[in-house]
Amino acid sequence: MDNTEKKLAVWICKGCDIGESLDVEALEKVASDEYKVELVSSHEFLCGDEGVGQIKEQIKEGANTLVIAGCSPRFQTDTFTFDGCLTERVNLREFVVWSHEPNAEDTQMMGEDYLRMGIVRAQKSELPEPFEAEIDKTVLVVGGGHSGMTAALESAKAGYEVVLVEKEDQLGGWLTKTTRLFPKTPPYREAEIVDLEARVKEIEDNDRITIYTSSTIEKIDGQPGQFDVSLKANGNGAGQQFRAGAIVQATGWKPYDASKLGHLGYGTCANVITNVQMEEMASAGEIKRPSDGKPAKNIVFVQCAGSRDKEHLPYCSAVCCRVSLKQALWARELDPDAQAFVLYKDIRAPGQYEDYYKRAQEDPGIFFTKGEVVSVKEASGNDLVVDVEDTLIDKHIQVEADLVVLATGMVPNAADGEAIRKFRDAQGVVAKGEEGAQLETAKVTIEEMAEYEGTEILNLDYRQGPDLPMLKYDFPDSHFICFPYESRRTGIYPTGAMRAPNDMDTCREDATGAAIKAIQCMELASQGKAMHPRWGDQSYPDFFLQRCTQCKRCTEECPFGTINEDEKGTPAPNITRCRRCGICLGACPERIISFKDYSVEIISSMIKAVEVPDEWDEKPRLLGFVCENDAYPALDAAGFKRLQHSEWIRFIPVRCLGSINVVWIADALAQGFDGILLIGCKSGDDYQCHFIRGSELMGTRSGNIQEKLKQLALEDERVQVEQLEIMDHEKLVEVVNAFSEEIDDIGMNPFKGL
Amino acid sequence: MPDPYVVRPDSKFLGRLLAEGGEDAKKCFQCATCSVVCDVSDGGPAFPRKEMIWTQWGLKDRLMADPDVWLCHRCNDCSTHCPRGARPGDVMAAVRREHIFHYAFPGFLARWLNQPKLLPLMLLIPTVLLGLAFLAKDSVQSALSMSTYSTTRIIYSYSVWFPQWLLIGFFLLFSGLALLAVLIGVGRFWGALKAADARDGAGKPIKSLFASIGSTFKKILAHESFTKCTTEHRQFLPHLYIFYGFFALFLVSLWTMTAKYNPLIPGTFVYPFSFFSPWRMLANIGGLALLVGCLMMMWARLGGVSGEDKRTNSQSTYFDWAFITTLLLVTLTGFASEVLHYARLEPHRHLVYFIHLVLVLTLLMYLPYSKFAHMMYRTAAMVYADYTGRTGVAPAVVAAPAIAAPVSDGTAVDAPVADEPAAEESAAEAPASEEPASVPGEEK
């Protein structure tokens with residue numbers, strides 16, 4: 001539908017104090033006189049049945065583009081959504097009436113400006129047409145351990161086809177290495193016996209699940225709904241190729257390398273073992289000293305061995321305490337003459353597992369103390385003595401043992417997608433025969449990153465890397481602040497211990513969650529809709545490639561790896577990978593990327609729609625870009641609390657700070673705005689940005705903006721970037737007002753009126 | 001730097017503790033609420049937290065050399081507040097019991113005494129001893145040419161069957177033996193305390209032994225420690241009654257023992273005293289106090305008034321009941337003897353008196369091996385604590401320098417432990433100063 005077919009209808013709601021605070025007739029005049037809108041109406045209570053009814057009447061008579069000026073678009077969203085209609089919401093309530101002086105001149109000017117921006121936006125936007133693609137709805141589960149089996153079975157039970165790929169020759173993962181688990185159900189006192197056969201049988205019997213054991217992934221091309229998967233030639237899935245709609249990665253964990261724990265005797269003392277080795281021995285029915293095969297009578301458990309330690313694993317692996325409790329009780333059951341000593345930093349038996357800890361405490365042959373294990377050494381023969389300091393018993397004690405079990409932590413079986421990509425790119429540079437500085441840098445990179453060679457797991461054909469990017473501690477990145485089940489690759493869901501160290505019950509829940517996510521993704525993709533956080537958005541980025549200069553900024557800056565590239569470097573977007581954040585739009589210097597309802601032109605037009613008074617009126621104009629995820633809700637909250645902010649500012653919501661194209665700054669300055677404030681979510685290690693790095697990118701780009709300002713001989717205070725959290729509504733108002741004062745001090749934009 | 005402590009759990013010892021008093025000891029997770037709540041564990045090494053973990057680990061060597069178990073006055077505040085229901089109060093009692101067994105001389109008597117099925121035997125021994133003594137009284141009497149009061153002069157006394165000289169001699173003998181045994185026990189105890197402290201480089205005396213004994217006795221007489229405990233003020237009165245009741249009776253006993261040779265008793269000594277004689281009155285009041293005290297204590301042990309008594313989360317053992325019951329029976333039979341004397345009931349009064357004597361002998365001769373021994377051990381521990389400055393010192397802070405207390409009269413407090421900063425106030429030593437308690441490290 002192009003502009004000529006549009007029939008606009010403007011509605012102004014007078015409820016929620018709007019009618020009492022603004023001259024609604026004057027607003028109506030803006031619509032009818034300035035924009036020649038025919039259908040301009042107001043209502044006392046627009047969201048009620050009568051108001052909505054009247055809107056529907058107009059739609060029946062042909063109106064198809066609505067401008068609803070009233071409350072925030074975050075409220076009454078369903079009320080004002082009409083099939084086949086484009087609705088633009090103008091926030092007169094929170095942004096104008098609740099946060100400014102009623103019936104004041106400046107308040108009226110503000111209301112009118114927002115209405116102008118809303119009308120212009122409605123005029124320039126199009127109703128999105130969903131992206132159509134043939135979407136496959138098979139779930140690929142990589143990894144057939146506890147989490148993988150759970151995800152596979154849950155997906156199948158929900159009615160979806162599943163392909164389960166496992167690298168070992170049997171399903172089960174770590175369940176094949178033990179016969180007992182610590183309890184998962186009340187009263188949490190006795191260990192459970194592993195019944196792997198039953199579980200495997202359930203999966204094998206399920207018609208929807210196809211299992212490939214002894215198989216790994218050769219390559220995955222495509223995008224959610226259209227993943228083309230090929231399995232490696234060796235193994236049971238020899239050369240199999242199939243299509244999948246979403247991927248659950250459940251590749252599990254491996255134990256921390258205990259050879260690094262020399263100070264605890266591993267490797268040097270024959271009778272120092274890991275909890276994994278202990279598990280094997282106990283499962284076999286006898287706990288023996290490795291040195292001479294005699295039964296172990298004094299077993300010391302060293303907790304947090306190489307965990308919660310800056311030199312080794314900085315994090316806690318969640319299960320080792322409970323595993324040691326299980327093993328201590330197990331050892332005592334196998335040999336009532338044996339004694340177990342648990343040396344801990346803390347006993348982490350979360351929630352109801354306190355009862356399991358109590359159960360272990362009851363045993364008179366299990367001894368507990370807190371303390372720092374300083375060393376494990378051999379005393380006489382292969383017997384050991386453990387030195388512990390700062391204990392509950394005394395400052396420095398020694399415990400005699402004939403077997404020491406180090407409770408080591410979990411390391412994920414994850415591949416660092418971005419690092420591998422870097423490594424491969426460097427290899428590419430060398431292979432291409434590049435010369436000079438580029439070659440030297442590449443060689444250094446290859447050397448430094450040699451450890452990444454051959455570590456790929458998913459082998460995605462994504463320009464940004466063959467596997468998920470990593471966040472903290474070598475675990476795959478996720479939106480842990482906002483939505484822990486999401487990952488940085490749409491349609492690919494890490495789960496289980498590979499996502500975070502956890503016990504089997506939590507992993508079961510996690511894997512079920514991943515299955516739900518996979519199903520959500522496939523279903524939404526089949527409707528052309530986006531995933532979190534722009535749930536249900538049917539707009540998608542359109543690339544006018546004829547004007548592309550292959551600068552590759554969009555390819556690199558997309559947080560989700562949406563864009564591949566051809567040999568020339570021309571971007572090839574994969575729409576179902578896209579989260580519709582618009583960061584590519586903000587990055588493109590040629591401005592070739594646009595959405596049907598969000599584009600460079602639309603926002604530029606909105607900027608130009610604002611009436612900027614000339615310098616004699618002494619009314620500065622400020623432009624505020626607010627991200628829709630944190631800043632906009634914070635502003636709404638400030639309005640709700642009636643916190644008053646500067647009457648000079650005009651806010652334009654953006655999908656993400658990263659989606660702000662620098663040309664808008666230029667447009668704003670040209671239009672005569674005196675100051676531009678960009679407000680978005682927090683970046684950094686504990687980032688809150690819902691699109692991962694939007695505000696971070698804006699921070700980097702603002703460097704360019706500052707240069708531009710210098711060139712124009714403008715003060716760099718005129719453009720500022722501010723980061724905050726959704727709860728910072730009071731701080732936000734302070735920031736806006738402070739900015740307002742600052743600009744007032746600096747003075748008017750010299751380009752105003754030119 | 002003392003050598004590291006090599007922990008060696010003693011599973012038999014642990015088993016005994018867990019069997020009686022320490023049934024819930026393994027529930028303790030070392031939160032230290034008990035030590036924080038304990039009003040007696042103030043300023044010195046905190047208890048009973050460390051005793052709980054030593055118990056859990058069966059560290060007999062540590063526990064046997066720990067005076068703090070005796071500084072505890074069994075108020076039960078700790079057990080009341082324990083979030084896990086580990087009953088630290090009962091564990092402390094169990095450890096004290098083990099002390100008595102461990103240091104008793106000879107040890108087997110203590111172990112026998114604590115076995116309920118050997119109760120008949122244990123009661124039989126004093127019965128037989130006393131019985132033999134009275135049966136042999138005539139031959140002994142003639143051998144020693146002791147006189148006895150003629151039946152014509154005092155026919156209603158017990159002296160005919162139970163001559164005074166016999167009673168005095170017999171009881172002095174066994175009391176003396178018991179005293180000797182318990183002193184040996186206490187001596188061993190004291191030695192162990194010193195050895196343990198010496199190993200840690202602690203325990204140096206901060207005052208004279210006499211001064212410590214003096215201040216300890218003052219504390220005991222005033223029952224100071226009992227008033228500190230907040231949940232069990234009740235413990236203060238019952239023990240006060242028992243203590244002074246017993247003391248009164250002891251005094252009267254001494255008085256009558258020396259009657260024959262006592263220049264202060266005028267004229268011909270007539271025994272028993274008349275009812276209104278001051279000594280008789282004292283004895284009766286003492287007995288009454290003892291009776292009331294015993295009943296109050298037993299009432300508390302049985303759970304007392306529901307909802308009010310804090311002892312409901314405490315369990316009494318055979319060891320506890322044996323002592324208090326014996327004491328009660330002594331009192332009851334004593335009063336019964338008196339009543340029956342006035343009632344002139346033959347032969348009941350002699351029988352009852354005999355039983356009374358057996359019970360008194362039981363109490364006295366088993367003193368070193370029963371709960372009665374707390375009298376000596378607790379006193380010794382309190383003296384030791386005072387003597388070595390174990391109480392009234394700020395809790396040990398690792399690596400804080402030992403600073404002499406800022407005392408204006410120049411009395412330097414010799415900090416007993418290298419890493420314990422000297423006093424804010426050292427209880428007995430620092431003169432009451434106008435300065436507020438200074439934090440170690442503050443320049444004066």
Side-chain angles (χ1 to χ4, degrees), chain A residues 297-300 321 325 328-329 332 336-349 353-377 379-380 383-402, chain B residues 1-19 22-32 34-35 45-63 65-66 83-86 196 199-202 396-399 417-420:
Chain A
K297 294 291 180 189
N298 288 308
I299 308 166
V300 166
C321 277
L325 292 178
L329 285 163
R332 291 270 303 149
D337 282 334
Q339 291 183 320
F341 301 86
V342 181
L343 309 174
Y344 60 85
K345 289 188 193 166
D346 297 289
I347 289 285
R348 291 188 164 174
Y353 282 103
E354 183 71 4
D355 287 341
Y356 196 50
Y357 174 38
K358 285 185 184 176
R359 168 69 188 90
Q361 276 191 301
E362 278 170 23
D363 190 324
I366 303 182
F367 304 90
F368 291 91
T369 183
K370 186 178 172 104
E372 282 295 321
V373 174
V374 174
S375 69
V376 176
K377 296 200 185 99
S380 60
D383 282 339
L384 303 152
V385 69
V386 182
D387 274 76
V388 200
E389 285 184 0
D390 295 329
T391 74
L392 295 163
I393 295 170
D394 205 340
K395 278 204 204 75
H396 182 182
I397 66 171
Q398 282 179 338
V399 185
E400 296 164 326
D402 49 16
Chain B
M1 233 346 233
D3 285 333
Y5 170 49
V6 183
V7 292
R8 292 201 174 98
D10 181 332
S11 29
K12 283 219 183 66
F13 174 71
L14 173 63
R16 284 203 302 275
L17 286 178
L18 294 185
E23 296 88 344
D24 293 323
K26 286 282 280 171
K27 291 182 179 174
C28 166
F29 61 175
Q30 294 287 292
C31 68
C34 53
S35 294
F47 58 87
R49 178 201 65 78
K50 64 186 189 302
E51 283 77 9
M52 289 303 279
I53 190 145
W54 290 348
T55 297
Q56 289 183 338
W57 281 63
L59 302 179
K60 182 172 179 184
D61 51 344
R62 282 271 155 129
L63 285 168
D66 182 24
R84 278 293 191 98
R199 213 179 29 240
D200 292 337
V397 174
V398 177
V417 177
D419 57 357
E420 276 185 2

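In the text below, chain A, chain B and the rest are named by the order of the sequence lines, each starting its count at 1.
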| request: Would you indicate whether the side-chain heavy atoms of B:R8 and A:E400 approach each other to under 4.5 Å? | output: yes
| query | Of the listed residues (A:N298, A:I397, A:V399), which shares the most heavy-atom pairs with chain B below a 4.5 Å separation? | reply | A:I397
| Most heavy-atom pairs under 4.5 angstrom with chain A, which of B:R49, B:K50, B:K26? | B:K26
| task | Determine whether more than 12 heavy atoms belonging to other residues, nucleotides or ligands lie under 6.0 Å from atom NZ of A:K377. | result | no
| query | Which side chain to side chain donor-acceptor pair (under 3.5 Å) pairs, counting each pair once, include a residue from residues 367-376 of chain A, with sequence neighbours left out? | reply | A:D346-A:K370
| Just wondering, do A:F368 and B:Q56 contact through their side chains at under 4.5 Å, heavy atoms? | no
| field | Side-chain heavy atoms of A:T391 within contact of B:Y5, under 4.5 Å | value | no
| query | Which atom pair, heavy atoms only, marks the closest approach of B:L14 to A:P364? | reply | CD2-O, 3.5 Å
| message | I need the residue from A:I393, A:D394, A:D387 with the largest number of non-hydrogen atom pairs under 4.5 Å to chain B. | response | A:I393
| task | Examine whether an atom of A:Q361 lies under 4.5 Å from a heavy atom of chain B, and if so say whether it belongs to the side chain, the backbone or both; otherwise answer neither. | result | both
| task | Identify which part of B:W57 has an atom lying under 4.5 Å from any heavy atom of chain A, answering side chain, backbone, both or neither. | result | both
| remark: Under 4.5 Å to a heavy atom of chain B? For A:D363 that would be backbone
